Amino acid sequence: MPKLKKASFSVVAIADVSPLQRIEDLSMHYAEVKNIDSLKQLKQLQKLFIYRYSGATDVSQLLERLQNSTRMKEIHVIDNEVTNLQPLGQMKNLEVLQLVIDNPIHDQTVKPLAGLRNLKALMLSAREKSLTSLEFLRQQKKLEYLIVRQQNISDLEPLKELTQLRYLDVGENNIAETAPLQSMTKLIWLNLKQNQVKNLDGLLLNVQKGGFAPKGYMCLSMNPLLEKASAKTKQELATLAKKGIQVEIDESDSPQFDEVLPEELYFW
């Protein structure tokens, strides 16, 4: 199959992928590779999508066979376990990484991702609220899209120099301070639903510097500042609305996903 550049396998066991040496885009849905060492032959692979890989619950060993794939730019792992992120940390040209996984992730677990300086989009969703820090992202200066929802993050300070961020979803964490957001003036979409936010100071400074323009979006529902909103808070919310920013504050409101989010990250 010398000219085949893209392949998708569903509900099948593949004995050996060596014949796919020129493949650039590989998808596996309820599939498995019997000879996982043959994955080392996929030197041209640039995009990998794994959904409920049937060969093993944990796909860490599969990713280990691909860790020297220098052309790899995009990886999605959905509904499997990835307990070892070291192989991903070796893929220095990764631009898009989506992990919607069935195991907990901890601060130590994610450290290998700190070296992925070309990342533009990162989605992390894992079982249990075990991740407490975003320190591993401090040097990811190219990040534009970040989703780390339903964890135990309390501080956005490690993100304060990520000035390319356009889309930030940190809903259902423990974030209280918005000050680190003031420098992210390219932000146009933000989800802070169900955190511990007590004031809008950082967001207001962001908007004063040109952030969320034009017609930006913020979800602030289920935060302490709205429980008994002061006159000051009400005035600040009115100011945001006057600038054309859509602000969701009702508990029943769910974050609105629109064309801001890249198509490849819509899978949730």
Side-chain angles (χ1 to χ4, degrees), residues 97 105-111 113-126 129-227 229-230 232-233 235-237 239-240 243 245-249 255 260-261 265:
L97 177 59
I105 48 176
H106 302 87
D107 298 341
Q108 189 68 28
T109 311
V110 297
K111 280 187 175 181
L113 303 184
L116 299 179
R117 304 294 171 83
N118 289 304
L119 270 185
K120 294 181 180 179
L122 174 64
M123 172 191 277
L124 288 178
S125 176
K129 301 183 104 176
S130 51
L131 185 68
T132 67
S133 173
L134 295 175
E135 184 63 35
F136 70 104
L137 295 175
R138 188 177 290 276
Q139 300 301 322
Q140 314 291 18
K141 303 295 177 65
K142 295 183 180 180
L143 263 182
E144 298 179 26
Y145 306 91
L146 177 61
I147 303 172
V148 185
R149 212 192 296 172
Q150 297 176 327
Q151 290 298 311
N152 203 15
I153 306 298
S154 60
D155 191 1
L156 294 177
E157 192 275 338
L159 306 183
K160 67 180 182 180
E161 295 185 13
L162 305 191
T163 56
Q164 300 302 307
L165 274 175
R166 301 180 64 239
Y167 183 108
L168 178 60
D169 186 343
V170 284
E172 298 175 64
N173 279 280
N174 287 311
I175 296 158
E177 292 296 327
T178 60
L181 298 172
Q182 62 184 285
S183 59
M184 303 176 194
T185 55
K186 290 189 177 180
L187 270 180
I188 54 175
W189 197 101
L190 173 68
N191 178 24
L192 278 170
K193 182 177 181 177
Q194 201 170 335
N195 274 276
Q196 298 298 320
V197 177
K198 296 179 174 63
N199 65 72
L200 297 173
D201 295 351
L203 286 173
L204 290 169
L205 286 170
N206 180 299
V207 171
Q208 287 175 14
K209 296 175 183 178
F212 294 91
K215 298 181 179 179
Y217 172 88
M218 302 177 187
C219 184
L220 301 173
S221 58
M222 302 177 71
N223 276 285
L225 85 161
L226 298 174
E227 289 176 3
S230 65
K232 176 177 177 288
T233 296
Q235 180 59 48
E236 290 170 343
L237 291 170
T239 298
L240 293 174
K243 289 184 176 292
I245 299 170
Q246 181 184 354
V247 183
E248 303 282 5
I249 60 173
V260 176
L261 188 64
L265 291 180

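Remember, it's a predicted structure, so these values are computed and weren't measured experimentally.
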I'd like to know if the side chain of [X] and the backbone of [Y] have a donor-acceptor N/O pair within less than 3.5 Å.
| X | Y | result |
| --- | --- | --- |
| Asn195 | Val170 | yes |
| Asn223 | Ser221 | yes |
| Ser130 | Ile105 | yes |

**Study point:** Residue pairs involving residues 113-122 (criterion side-chain hydrogen bond (donor to acceptor under 3.5 Å, both in side chains); sequence neighbours excluded)
**Key:** Asn118-Lys142
Practice item. Hey, could you give me each pair passing side-chain hydrogen bond (donor to acceptor under 3.5 Å, both in side chains) that has a residue in residues 171-185? Not counting sequence neighbours. Key: Gln150-Glu172, Asn152-Asn174
Report the distance from atom [atom1] of [X] to atom [atom2] of [Y], rounding to the nearest 0.5 Å.
| X | Y | atom1 | atom2 | answer |
| --- | --- | --- | --- | --- |
| Ser133 | Lys111 | OG | NZ | 9.0 Å |
| Ile245 | Leu240 | CD1 | CG | 5.0 Å |
| Ile249 | Met218 | CD1 | CE | 12.5 Å |
| Ser125 | Ile147 | OG | CD1 | 9.5 Å |
| Leu122 | Leu116 | CG | CG | 8.5 Å |
| Gln196 | Leu225 | CD | CG | 11.0 Å |

Check your understanding: With a 3.5 Å cut-off and no angle check, do the side chains of Asp107 and Thr132 form a donor-acceptor pair?
Key -> yes
**Study point:** Distance-only side-chain donor-acceptor flag, Gln164 / Lys186, under 3.5 Å
**Key:** yes
**Study point:** CA sep, side-chain torsions, deciding dist, call: Leu124, Leu146, side chain to side chain contact (heavy atoms under 4.5 Å, CB included)
**Key:** CA-CA 8 Å; Leu124 288 178; Leu146 177 61; over 6 Å; no
Check your understanding: Is there a side chain to side chain contact (heavy atoms under 4.5 Å, CB included) between Thr109 and Leu131 once you walk through the steps?
Key -> CA-CA 9 Å; Thr109 311; Leu131 185 68; over 6 Å; no
Identify the two heavy atoms, one from [X] and one from [Y], that lie closest to each other, and give their separation to 0.1 Å.
| X | Y | answer |
| --- | --- | --- |
| Leu237 | Val247 | CD2-CG1, 4.0 Å |
| Gln140 | Gly115 | NE2-N, 4.4 Å |
| Phe212 | Tyr217 | CE2-O, 3.5 Å |

Review point. Could you walk me through whether Leu203 and Leu220 pass the side chain to side chain contact (heavy atoms under 4.5 Å, CB included) check?
Key: CA-CA 11 Å; Leu203 286 173; Leu220 301 173; 4.0 Å; yes
Review point. Is the count of non-hydrogen atoms from other residues, nucleotides or ligands lying under 6.0 Å from Lys129 atom NZ greater than 12?
Key: yes
Check your understanding: Does some side-chain heavy atom of Leu226 sit less than 4.5 Å from a side-chain heavy atom of Val197?
Key -> no
**Study point:** Contact check, side chains of Leu187 and Asn206, non-hydrogen atoms, under 4.5 Å
**Key:** yes
**Study point:** With Asn191 via side chain to side chain donor-acceptor pair (under 3.5 Å) - residues at least two apart
**Key:** Asp169
Check your understanding: Under the side chain to side chain donor-acceptor pair (under 3.5 Å) test, which residues partner Gln235, sequence neighbours left out?
Key -> none
Review point. With sequence neighbours left out, what residues match Glu157 under salt bridge (Lys or Arg N to Asp or Glu O under 4.0 Å)?
Key: Arg138, Lys160
Review point. Partners of Lys141 by salt bridge (Lys or Arg N to Asp or Glu O under 4.0 Å), sequence neighbours excluded?
Key: Glu161
Exercise for review: Report the C-alpha distance between Leu134 and Asp155 in whole Å, list the side-chain angles of each, state the deciding distance to 0.1 Å, and finish with yes or no for side chain to side chain contact (heavy atoms under 4.5 Å, CB included).
Suggested key: CA-CA 8 Å; Leu134 295 175; Asp155 191 1; over 6 Å; no
Check your understanding: Given Leu181, which of Leu159, Leu165, Leu192, Val207 fulfils the side-chain contact (heavy atoms from CB on, under 4.5 Å) condition?
Key -> Leu192
Check your understanding: Using 30° and 60° as the class limits, which term best fits the ring planes of Trp189 and Tyr167: parallel, tilted or perpendicular?
Key -> parallel
